[in-house]
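Each residue takes its place number in the sequence, starting with 1.
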Amino acid sequence: MKEILLTSRQRMLSPDQLALELNLIETPQEFERNQTVQFILIGGIIMAGLVICYNVYQMHQEEKKQKLNN
């Protein structure tokens, strides 16, 4: 594992502040933005799935009507 050299000021920081400063964890703003993007992507995937399911259902209903007419 690579050793990280710390300044005297960094040695006095709390562990969470040090991790933020060294970019080892996300900032609260980055975390919130990533969470928003994930919600949008998941919503889009669910919406696409629903549209596909509805189209398959409609095709099935049309095939049923054609069989009844013949």
Side-chain angles (χ1 to χ4, degrees):
M1 181 174 232
K2 185 178 175 185
E3 185 178 341
I4 300 173
L5 299 175
L6 301 176
T7 63
S8 58
R9 184 186 69 75
Q10 288 174 330
R11 288 186 187 137
M12 291 186 288
L13 290 174
S14 65
D16 57 338
Q17 289 294 328
L18 179 61
L20 279 173
E21 186 169 312
L22 296 176
N23 294 324
L24 299 175
I25 58 174
E26 294 179 329
T27 63
Q29 294 84 8
E30 290 172 340
F31 180 76
E32 186 176 321
R33 183 181 38 210
N34 289 342
Q35 193 173 24
T36 303
V37 169
Q38 286 176 349
F39 284 144
I40 291 170
L41 288 175
I42 290 171
I45 290 169
I46 290 173
M47 185 62 123
L50 289 173
V51 168
I52 290 170
C53 289
Y54 180 75
N55 286 337
V56 168
Y57 174 76
Q58 287 294 94
M59 287 174 29
H60 179 68
Q61 291 296 328
E62 289 176 13
E63 287 175 8
K64 241 177 150 176
K65 283 182 185 178
Q66 287 178 356
K67 286 182 181 178
L68 289 174
N69 290 337
N70 290 336

**Report entry** Side-chain donor or acceptor of Gln10 paired with backbone N/O of Thr7 under 3.5 Å
**Finding:** yes

Counting only pairs under 3.5 Å, give me each side-chain donor-acceptor contact of residues 46-68, with atom names and distances, residues two or more places apart or in other chains.
from: Asn55; atom 1: ND2; to: Val51; atom 2: O; distance (Å): 3.4
from: Tyr57; atom 1: OH; to: Gln61; atom 2: NE2; distance (Å): 3.3

Query raised in the report: How would you list all residue pairs meeting side chain to side chain donor-acceptor pair (under 3.5 Å) that involve residues 35-51, not counting sequence neighbours?
Result: none

Query raised in the report: How about Glu32: does its CD atom have over 12 heavy atoms from other parts shown lying under 6.0 Å from it?
Result: no

Query - Point-to-point distance, once rounded to the nearest 0.5 Å, from CD of Glu30 to CG of Asn23 - result: 7.5 Å

Query raised in the report: If you link I, L, V, M, F, W and Y whenever their side-chain heavy atoms are under 4.5 Å apart, who else ends up in the same group as Leu6?
Result: Ile4, Leu13, Leu18, Leu22, Leu24

Report task. Not counting sequence neighbours, list each pair that qualifies as a salt bridge (Lys or Arg N to Asp or Glu O under 4.0 Å) and has a residue in residues 33-52. Result -> none

Query raised in the report: Which residue pairs pass the salt bridge (Lys or Arg N to Asp or Glu O under 4.0 Å) test with at least one member in residues 8-27, sequence neighbours excluded?
Result: Arg9-Glu21

**Report entry** Shared-cluster residues of Val37, by chain and number - hydrophobic side chains joined below 4.5 Å
**Finding:** Leu41

